[in-house]
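In what follows, a single structure is set out as structure tokens and then discussed.
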Amino acid sequence: MSASIAIQVLPQAGNDQELCQRVDQVIAYIQSTGLRYEVGPFETTIEGEDYDQLMDIAKQCQHVAIQAGAKSVSAYIKVVYQPEGDILTIDQKIGKYQGK
Ligand SMILES: Cc1ncc(C[n+]2csc(CCO)c2C)c(N)n1
């Protein structure tokens, strides 16, 4: 595995329900990419072999939040990248905590 990103998207919203609806649309977009991902209460982690693809997905998440009705959106993004492709995977990091 070459890269992983964790992205927290915070769309502007009038209440928690609106916030959740907008974050849900961002997560649906992430699901549609077909990459391995893990949703958490603060952020979603995505991993893949193509660093540029992951960065494009991170960018597109902002557009999806705006399309979902947010007037503005903040995002906090963490990145791990290793061109040789030997990073720890999501499963290697947290599988042991999920009873896998
Ligand atoms: C990309 C991204 N993934 C997860 C969260 C955390 N989060 C906030 S609200 C919510 C539930 C939506 O129904 C979740 C999972 C986030 N902020 N941004």
Side-chain angles (χ1 to χ4, degrees):
M1 193 57 59
S2 296
S4 68
I5 63 169
I7 179 164
Q8 178 183 49
V9 170
L10 299 174
Q12 200 178 70
N15 54 50
D16 283 352
Q17 189 192 353
E18 218 171 67
L19 174 81
C20 287
Q21 285 169 353
R22 289 169 186 171
V23 172
D24 284 344
Q25 291 193 44
V26 171
I27 293 169
Y29 161 68
I30 291 169
Q31 288 170 325
S32 79
T33 66
L35 295 181
R36 171 88 174 85
Y37 68 93
E38 188 79 25
V39 177
F42 285 88
E43 62 191 13
T44 296
T45 302
I46 314 161
E47 66 186 12
E49 299 296 352
D50 185 340
Y51 171 74
D52 289 345
Q53 180 191 17
L54 286 170
M55 298 312 284
D56 287 346
I57 290 168
K59 179 179 173 184
Q60 186 63 22
C61 283
Q62 322 315 306
H63 292 304
V64 172
I66 296 296
Q67 283 160 12
K71 191 176 170 187
S72 68
V73 56
S74 298
Y76 300 89
I77 300 168
K78 303 165 195 168
V79 179
V80 177
Y81 174 46
Q82 185 179 333
E84 296 83 15
D86 196 26
I87 66 163
L88 288 171
T89 64
I90 292 171
D91 285 337
Q92 286 170 332
K93 286 180 178 172
I94 67 165
K96 59 193 168 191
Y97 298 113
Q98 296 176 322
K100 282 182 185 168

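First listed ligand is number 1; within each ligand, the first listed atom is number 1.
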Y76, OH atom: more than 12 neighbouring heavy atoms under 6.0 Å: no
Please tabulate protein-ligand N/O pairs under 3.5 Å for ligand 1, atom names and distances to 0.1 Å.
| unit_1 | atom_1 | unit_2 | atom_2 | d |
| --- | --- | --- | --- | --- |
| ligand 1 | 3 (N) | T44 | N | 3.4 |
| ligand 1 | 3 (N) | T44 | OG1 | 2.7 |
| ligand 1 | 13 (O) | D24 | OD1 | 2.6 |
| ligand 1 | 13 (O) | D24 | OD2 | 3.3 |
| ligand 1 | 17 (N) | V9 | O | 3.0 |
| ligand 1 | 18 (N) | V9 | N | 3.1 |

Enclosure of D16 CG (heavy-atom neighbours >12, cutoff 6.0 Å): no
Considering all heavy atoms, the nearest L19-P11 contact: CD1-O, 3.5 Å
Residues which pass side-chain hydrogen bond (donor to acceptor under 3.5 Å, both in side chains) with S2, listed by chain and number, not counting sequence neighbours: E49
Worked check of side-chain contact (heavy atoms from CB on, under 4.5 Å) between I7 and Q62: CA-CA 10 Å; I7 179 164; Q62 322 315 306; 3.8 Å; yes
side-chain contact (heavy atoms from CB on, under 4.5 Å), paired with S4, selected from V79, I87, L35: I87
